[in-house]
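Here is the structure we will look at, set down as structure tokens.
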Amino acid sequence: MAQSTQQVDLAKLEPVLAEYAAKPGSLITILQHTQDIYGYLPREALKSISGATGIAPAQIMGVATFYAQFRLQPVGRYLIMLCQGTACHVNGAESISAIVTEELGIKDGETTADGLFSLKHVACLGCCSLAPAMMINGEVYGNLTGNSVRQVLRELAAAAKEEDKA
Amino acid sequence: MNADIRIKVGLGSCGMAAGARKTKDALDAALAAAGLDIRAERTGCIGLCFAEPLVEVIDGGESYFYGRVDEAKAAQIVKEHIVGGKPQQELLLAEDELNFLTRQTRIALRNCGVIDPESIEQYIARGGYQALKKAVCELTPEEIIAEIKTSGLRGRGGAGFPTWFKWNACRNAAGEEKYIICNADEGDPGAFMDRSVLESDPHAVLEGMAIAARAIGCHQGIIYVRAEYPLSIERLEIAMAAAREQGFLGQNIFGSGWDFDIYIKAGAGAFVCGEETALLASLEGKRGMPRLKPPFPAQKGFRQQPSNINNVETLANVAWIIRHGGAAFAAYGTEGSKGTKVFALAGKIRRGGLVEVPMGLTLREVIFDIGGGVKGEGAFKAVQMGGPSGGCIPASLLDTPIDYESIAATGAIMGSGGMIIMDDATCMVDMARFFLDFTQKESCGKCVACRIGTKRMLEILTRITKGEGKPGDIELLQQLGEDIKAGSLCGLGASAPNPALSTLRYFPEEYAAHIEGHTCPAKSCRDLLTYHIRPDKCRGCSLCARKCPVGAIDGELREVFVIDEAKCIKCGNCAAVCRFGAVEVK
Ligand SMILES: Cc1cc2nc3c(=O)[nH]c(=O)nc-3n(C[C@H](O)[C@H](O)[C@H](O)COP(=O)(O)O)c2cc1C
Ligand code: SF4
Ligand code: SF4
Ligand code: FES
């Protein structure tokens, strides 16, 4: 979901605000829905959340930056959530991260220039017995090796090309 | 073919990551092709994560466990076993692998991997919701609490606080509305028992919450689930809808006039939100920052009302206790730690997964007899318990019984029950650095000691792993550790130094090797390694030179190759690709 070039369509946010804006304590839920819609938290959207809920923009930013789940920048089409939890660390997650960096030229928190991949280090996906593990767009890949990671990334890149052709 | 034959596939998120969905599709396709009406059934995670995808065939009252079933094996099982009636011996789990299951006593996990988590009928068929009925129709709230007291159940979320006491305090607190909150934030990176229970037996958690609500006298429950667990949320939603339909949640439960319902709040990725008061702030849509206690949540919790917060596993035990009696639960375990506990075995372990055993077994029994010991060539070095709040327990203490007090005496904590096994290739200084990196990032920032202290500890540990340690570093780490413990408001800061302090206590020689000798005995700290090609072994094939990302290796074909240490970035590629073992790492 690369959105960087697209205009932010605030109409999409309206049903969310209609449901939650008046319910106290719903800010995190609203932000989660917002991120589901846009892939990140666009500035314009945060402004209209502030308008609808009456919560100060500073407070919204405070919450948005406190939680690891929220992003203020668009992410690539494939979000690689690479586990750096204890079990994965012990089983070599650091070298897996180095291989992703070598393969894609991005580090933790960065997105490739073509907008295809973003890399994010996370702490534990709950699949520790398959360590090292990563999750890409909801799909978990376990027992990673240098070769299996390269293969997954290449397959995804090829799949994206096919999709774009179609 | 046996008429009552059943086939179950474990479809938890770990099973699915191992390819269980494809396995199920392959089984179904083969069954259809054979002209059979039966299909493979979905079940949750039975805990044998090392053997996923796992298929259980129940044939003539006997269970056959097939491990690591790919599509080809699935077709074989259908053809030869289901149709042909011949169990496939070579695909079945071996005796010692099955030990993993047979040595367990499953109370919290009683239905995990047994029932379809999306079927309330199967939950009810195993006695589900009978305990709630008993609690609502036969017992007074005081009697419920007394039963839990008899059981000796202590909180499984980390602190091990007696559950009955918390319920009783909340029951007796003054307030108009009270809340029961399920803590499903499972923050310890390396523990996954709560995820497994939520995915595999969601009704056990709902029933436990309802019984707690009845005891406390409340009408509203909330489950705070980690955002990283989408499947847990999905299965809880399905379970809640079914429970409402059957009248176990909602209005006038069992005609008693008592109303109770539950909703889910998804967390947003902050370890500190597992701490109760931070969790409460997060539930209200705020930054999850802990506050001073008292007032305790039982006095002033969610929306300033009395609230009781319990962990997933704690709640999953409740219905069993009410049904079978507190004494039955207390019959397991030790004097101070009653009942059973679920442990998540991960790291360098041969058989990783979830095991539930009575408290009081020794670490050795769980790690070696059940988990099969260390995987690969290495030797056992330590087990980490309690995650970022815990510590590393060395091999010399493997006979420590697992109960709250004995584990705490080693400098680790029971925590949520995560056990990370480490072998001699794991560097203890690096482990301390790893955890401090974690707590430093997750500190909410409220307390100076925690926010800045963890950062300083991390800097020192990072320096040591780079070979830049200085005399006095160890004393400084110890001093900082004590100061952070004293100056932190919540458990995150108060326990953050533990991973460093416990490794300093048991592995001082490893710290010394890094600081004084500039070497890493585990050969894990990159900056302290040197790569060198042995002239007597190198055949001059040039493979390493081609795989070196920075062109640090030079040489002529069929002659000895040489590594330029100044250029080498220590990626390890050369050692990994050399077929003659010529690359030496020191
Ligand atoms: C930093 C921190 C993180 C915690 N994370 C969790 C967690 O992920 N899950 C959990 O159940 N308890 C966690 N706890 C413990 C809870 O604060 C609380 O003690 C527990 O949920 C109470 O339930 P119990 O009595 O059933 O164990 C955490 C505590 C601290 C200080
Ligand atoms: S100890 Fe750390 S995490 Fe806990 S309240 Fe203080 S700063 Fe926040
Ligand atoms: S360790 Fe990596 S960088 Fe160093 S010589 Fe070997 S391949 Fe090259
Ligand atoms: S530590 Fe990586 S999945 Fe748990």
Side-chain angles (χ1 to χ4, degrees), chain A residues 20 23-33 35 53 55 59-70 81 83-95 98-99 101-102 120-131 133-135 138-147, chain B residues 13-14 16-18 49-50 52 186-192 194-196 226-230 265-271 273 282-289 303 344-349 352-354 384 387-388 418 420-423 426 430-431 434-435 438 441-442 444 549 571-572 576:
Chain A
Y20 296 104
K23 282 192 198 151
S26 301
L27 181 55
I28 292 173
T29 310
I30 295 175
L31 294 178
Q32 282 167 334
H33 285 290
Q35 186 155 294
T53 58
I55 302 174
Q59 204 182 331
I60 294 179
M61 276 306 275
V63 170
T65 53
F66 185 85
Y67 294 97
Q69 186 189 22
F70 297 125
M81 292 164 70
C83 181
Q84 302 288 318
T86 320
C88 291
H89 179 77
V90 171
N91 280 302
E94 225 157 306
S95 65
I99 284 158
T101 301
E102 192 190 304
K120 188 169 171 11
H121 286 176
V122 297
C124 196
L125 298 165
C127 298
C128 317
S129 44
L130 300 173
M134 66 178 175
M135 191 194 264
E139 183 100 17
V140 178
Y141 301 84
N143 293 325
L144 298 176
T145 63
N147 284 336
Chain B
S13 40
C14 45
M16 291 207 268
C49 306
F50 64 90
E52 298 279 7
E186 192 150 69
D188 173 4
F192 48 98
D194 292 352
R195 169 184 68 73
S196 186
R226 257 186 113 193
E228 286 87 344
Y229 290 177
K265 271 268 187 187
F271 172 66
C273 287
S282 184
L283 278 181
E284 293 173 12
K286 301 183 193 138
R287 288 164 71 99
M289 306 202 18
R303 299 198 176 128
L345 294 175
K348 296 274 181 68
I349 181 95
L354 287 183
Q384 213 282 345
I420 309 279
I421 312 317
M422 299 168 186
D423 67 4
T426 315
D430 178 64
M431 272 332 287
F434 168 81
F435 281 115
F438 180 84
K441 282 184 189 141
E442 297 293 338
C444 84
C571 72

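In what follows, chains carry the letters A, B, and so on, assigned in the order in which the sequence lines appear, proteins first and then strands, with residues in each chain numbered from 1.
- With a 4.5 angstrom heavy-atom cutoff, A:A98 touches chain B only via side-chain atoms.
- Neither the backbone nor the side chain of B:A576 comes within contact range of chain A; no heavy atom of the residue lies under 4.5 Å from a heavy atom of that chain.
- In terms of heavy-atom pairs under 4.5 angstrom with chain A, the leader among B:A227, B:G190, B:A344 is B:G190.
- For B:F271, no part lies under 4.5 angstrom from a heavy atom of chain A.
- When atom types are taken as modelled, the side chain of A:Q69 and the backbone of B:A270 share no donor-acceptor pair closer than 3.5 angstrom.
- Listed for the A:S129 side chain is no donor-acceptor partner under 3.5 Å among the backbone atoms of B:A346.
- Chain A forms the most heavy-atom pairs under 4.5 Å with one residue out of B:E186, B:K265, B:K441, B:E442, and that residue is B:K265.
- Using a 4.5 Å cut-off between heavy atoms, B:M16 makes no contact with chain A at all.
- No part of A:E139 comes within reach of chain B, as not one of its non-hydrogen atoms sits under 4.5 angstrom from that chain.
- Residues B:A268 and A:Y67 share a closest heavy-atom pair of O-CB, 3.2 Å.
- Judged purely by atom type and a 3.5 angstrom limit, B:R195 uses its side chain to pair as donor or acceptor with the backbone of A:G126.
- The candidate from B:G187, B:C273, B:G352, B:G269 with the greatest count of non-hydrogen atom pairs under 4.5 Å with chain A is B:G269.
- Here the CD-CG distance, from B:E228 to A:L125, works out to 7.5 Å after rounding to the nearest 0.5 Å.
- Shortest non-hydrogen contact noted between A:L130 and B:A17 is CD1-CB, 3.6 Å.
- Comparing A:T65, A:N91, A:V63, A:L27 by heavy-atom pairs within less than 4.5 Å of chain B, the highest count is held by A:N91.
- The parts of B:C444 that come within reach of chain A are both its backbone and its side chain, each placing non-hydrogen atoms under 4.5 angstrom from that chain.
- With respect to chain A, the highest number of heavy-atom pairs below 4.5 Å among B:R303, B:M431, B:E52 belongs to B:M431.
- Here the CZ atom belonging to B:F438 is positioned 12.0 Å from the CD atom belonging to A:Q84, to the nearest 0.5 angstrom.
- In this structure, chain A has no heavy atom under 4.5 Å from any part of B:S196.
- With a 4.5 Å cut-off on non-hydrogen atoms, B:I421 touches chain A through its backbone but not through its side chain.
- Ranked by heavy-atom pairs under 4.5 Å with chain A, the first of B:L283, B:I349, B:D430, B:D188 is B:D430.
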